[in-house]
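Have a look at the structure below, then the notes.
We're numbering straight along the sequence, starting at 1.
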Amino acid sequence: LDKEKPKVVFCPDRIFKVSFTNSPVWVNITRPVFTDNVGIVKYDPPLIDGKYFTRVEGRNMDFDAVDAEGNWARCNIKVFVGGMVNREYIVH
């Protein structure tokens, strides 16, 4: 019986995208990397290369890796979309 949870090898803390529009913009998501002694059977949600966001300040995105015994590990990434106008951070 495996009781060892997956390990997070790489998890970016924050992702920034400069945007001065209220329209959705594509934000590349650097995929987290996990490893496990018996293998990972599921990512929840599935790993993605990116996503459209409108302006957002610190939206949390959680990615979990689950092994065959149900042990899991989480990578939490904060996404910031916005920009500076006259030294003022603009997020709507």
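- Contact check for I48 versus F63: side-chain heavy atoms found under the 4.5 Å cut-off.
- Residue A73 comes nearest to F34 through the heavy atom pair O-CE2, 3.7 Å, listed as atom of the first residue, atom of the second, then distance.
- Within the structure, salt bridge (Lys or Arg N to Asp or Glu O under 4.0 Å) pairs that include any residue of residues 1-10 comprise E4-K7 (at least two apart or interchain).
- Applying the side-chain hydrogen bond (donor to acceptor under 3.5 Å, both in side chains) test to pairs two or more places apart or on separate chains, none has a residue in residues 39-48.
- Residues N71 and P6 have side chains in contact (heavy-atom distance under 4.5 Å, counting atoms from C-beta outward).
- Remark: side-chain polar atoms of R55 are paired, donor with acceptor, to backbone N or O of F20 under 3.5 angstrom.
- T30 and I77 get closest at one heavy-atom pair: O-CD1, 4.1 Å.
- Counting only heavy atoms from C-beta outward, the side chains of F53 and R59 approach each other to under 4.5 Å.
- Residues V8 and I15 share a single hydrophobic cluster, defined by chaining ILVMFWY side chains whose heavy atoms lie under 4.5 Å apart.
- D49 meets the side-chain hydrogen bond (donor to acceptor under 3.5 Å, both in side chains) test with R31; sequence neighbours excluded.
- With hydrophobic clusters built from ILVMFWY side chains whose heavy atoms lie under 4.5 angstrom apart, I40 does not share a cluster with V66.
- Residues P32 and L47 have side chains in contact (heavy-atom distance under 4.5 Å, counting atoms from C-beta outward).
- Nearest heavy-atom pair, G39 versus D36, reported as atom, atom and distance to 0.1 Å: N-OD2, 3.2 Å.
- The nearest pair of heavy atoms linking T54 to V81 is O-CB, 3.8 Å.
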